[in-house]
Protein chains: 2
Amino acid sequence: MNNEASRDKFKSYLSTKGLRVTNQRLAIFEAAFAQKEHFTAEELLDFARDIDDSVSRATVYRTLPIMIESSLVREVDIGKNLKYYLPNTDNNTQVAQIICTDCDKIFEINAPFMEWYGNSVSTKLGLTPVSQRLQVNAHCNSFRQHGTCKNRPH
Amino acid sequence: MNNEASRDKFKSYLSTKGLRVTNQRLAIFEAAFAQKEHFTAEELLDFARDIDDSVSRATVYRTLPIMIESSLVREVDIGKNLKYYLPNTDNNTQVAQIICTDCDKIFEINAPFMEWYGNSVSTKLGLTPVSQRLQVNAHCNSFRQHGTCKNRPH
DNA sequence: TTCGATGCAAACTGTTTGCACGGCT
DNA sequence: AGCCGTGCAAACAGTTTGCATCGAA
């Protein structure tokens, strides 16, 4: 799904929910979808303000749940009291995150094999799986060998 | 490993690190190991104060990392801006968490095959896995059928 | 015109820290 | 005696919220 399709999806999601299509919401959307890497709420505020400097922090925090609810953005919690976000270009929910503990970079890779696992484990407990995530904390090999991480800090 | 063995391990860990065995630290340890379910830092403070009412919030927060570092307690982050803790009676680090989104209860189950996932996924990226967690968000069947969750809220 | 959306700043939650006092070793 | 550990309260970070105003439909 490209950006224009995503933008349309966002607008129609807003309309369907009786929410208004405002410049601020659009600026936040554009800012999010211009990102190639994970970003924080605060970073999103900065990016959005580059597009429309009237965007406030509150609106960013009020818009993020809308974009998450509409599956346009995914939320990634790596256990750091700080949430990361990522535009959800494909609609994939079976994703594993590998976090480099040296540079904090988050890699994502498809993990379709995860699905059967979640199902088998949940049904044992009388639960219906909704989503699942595999998170791996790992050391960067280049860091251990050369004392530096080839990936820039987040 | 039973509680006495764990207590010994805690005491010797403190000694080895040149840390002091104080009443407050012991009270916090006892409080943690009396729990059968996951608990929060705030709950641990209450429990510890029942044992020694001189325990302060600061000491709880300063003791938790020690217990985690010594593998006596595991930290569980379910993406709720709130961390849960659990006495680590067996020494198992390959655990999957299944979180009921209706009642917030956390189930844990062994997932020994997780290790393979983490390895296969990390090596593709030139990383060496350190730790990993699999988290499944699921709906409680009884909630969906009867409008109530048989498990009490956390 | 109407009522949802916004910006601002204050409130809030969980956690961390500076400081002077207290108590292990 | 020395110095680590402690309680207290203030600080802190990220996020949420109340309120008066703004603006999309």
Side-chain angles (χ1 to χ4, degrees), chain A residues 7 10-32 38-70 73 75-85 104 154, chain B residues 10-29 31-32 38-70 73 75-85 104 154:
Chain A
R7 187 186 300 109
F10 183 51
K11 288 185 184 174
S12 59
Y13 181 86
L14 290 174
S15 305
T16 307
K17 292 280 179 176
L19 302 170
R20 289 172 182 170
V21 179
T22 64
N23 287 336
Q24 289 89 341
R25 280 173 177 163
L26 286 178
I28 292 166
F29 167 87
E30 296 300 336
H38 294 77
F39 53 86
T40 64
E42 198 65 23
E43 288 167 348
L44 182 56
L45 172 61
D46 289 340
F47 298 143
R49 278 184 167 160
D50 289 342
I51 299 171
D52 178 343
D53 65 3
S54 78
V55 171
S56 73
R57 183 171 287 106
T59 299
V60 168
Y61 278 106
R62 287 189 270 234
T63 302
L64 273 169
I66 298 173
M67 298 196 296
I68 292 166
E69 175 65 25
S70 61
V73 164
E75 188 178 73
V76 179
D77 186 320
I78 62 168
K80 281 193 195 295
N81 298 336
L82 180 60
K83 281 174 180 148
Y84 289 93
Y85 302 91
D104 269 3
H154 193 71
Chain B
F10 183 52
K11 288 186 185 174
S12 61
Y13 181 85
L14 290 174
S15 305
T16 307
K17 293 280 178 176
L19 301 170
R20 290 173 183 172
V21 179
T22 64
N23 287 335
Q24 289 90 339
R25 280 173 177 163
L26 286 178
I28 292 166
F29 167 88
H38 294 76
F39 53 86
T40 64
E42 198 65 24
E43 289 167 347
L44 183 56
L45 172 61
D46 290 341
F47 298 143
R49 277 183 166 163
D50 289 343
I51 298 170
D52 178 343
D53 66 2
S54 79
V55 171
S56 74
R57 182 171 288 105
T59 299
V60 167
Y61 278 107
R62 287 190 268 234
T63 302
L64 273 169
I66 298 174
M67 297 197 295
I68 293 167
E69 175 65 26
S70 61
V73 164
E75 187 179 73
V76 179
D77 187 320
I78 62 169
K80 281 190 196 294
N81 299 335
L82 179 60
K83 281 173 181 148
Y84 290 92
Y85 303 91
D104 269 4
H154 195 73

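Reminder, nothing fancy here: chain letters follow the sequence lines and each chain counts from 1. Just so it is clear, the structure is predicted and the values come from calculations on it, not from any experiment.
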## Note on the structure
A correct 5'-to-3' footprint of nucleotides 20-25 of chain D, with B, S and - meaning base, sugar-phosphate only and no protein heavy atom under 4.0 Å, is ---BBS
### Message
Could you measure the distance from the CD1 atom of Ile66(A) to the CZ atom of Arg25(A)? Nearest 0.5 Å is fine.
### Response
4.0 Å
### Task
For Leu45(A) and dT16(D), give me the distance from atom CG to atom P, rounded to whole Å.
14 Å
## Note on the structure
Interatomic distance, OG1@Thr40(B) vs CG@Asp46(B), rounded to 0.5 Å, equals 8.0 Å
### Query
Between Phe10(A) and Phe29(A), what is the ring plane arrangement, given parallel below 30°, perpendicular above 60°, and tilted in between?
parallel
### Message
Using whole Å, what does the distance between atom P of nucleotide dG14(D) and atom CD1 of Ile78(A) come to?
### Response
13 Å
### Task
Report the distance from atom CG of Asp52(B) to atom P of dT6(D), rounded to the nearest whole Å.
10 Å
### Query
Under the salt bridge (Lys or Arg N to Asp or Glu O under 4.0 Å) test, which residues partner Glu42(A), sequence neighbours left out?
Arg57(A)
### Pairing residues for Ala31(A) by the side chain to side chain contact (heavy atoms under 4.5 Å, CB included) criterion, not counting sequence neighbours
Leu44(A), Phe47(A), Ala48(A), Ile51(A)
### Query
Taking only residues at least two apart or on different chains, which pairs with a member in residues 58-67 of chain A satisfy side-chain hydrogen bond (donor to acceptor under 3.5 Å, both in side chains)?
Ser56(A)-Thr59(A)
### Message
Please enumerate all residues that pass side chain to side chain contact (heavy atoms under 4.5 Å, CB included) together with Glu75(B), with sequence neighbours excluded.
### Response
Ile68(B), Lys83(B), Tyr85(B)
### Query
When rounded to the nearest 0.5 angstrom, what distance separates CG in Asp77(B) from CG in Asp77(A)?
4.5 Å
Could you go over nucleotides 12-16 of chain C and give all protein N or O partners under 3.5 Å, atom names and distances?
residue: dT15(C); atom: OP2; partner: Tyr61(B); partner atom: OH; Å: 2.4
residue: dT15(C); atom: O5'; partner: Tyr61(B); partner atom: OH; Å: 3.4

### Query
Between dA13(D) atom P and Glu43(A) atom CD, what is the distance in whole Å?
16 Å
### Message
Any base atoms under 4.0 Å from Arg62(A), or only sugar-phosphate, or nothing? Heavy atoms, all strands.
### Response
base
#### Entry: Rounded interatomic separation in angstrom, taking OH from Tyr84(A) and C1' from dA13(D)
13 Å
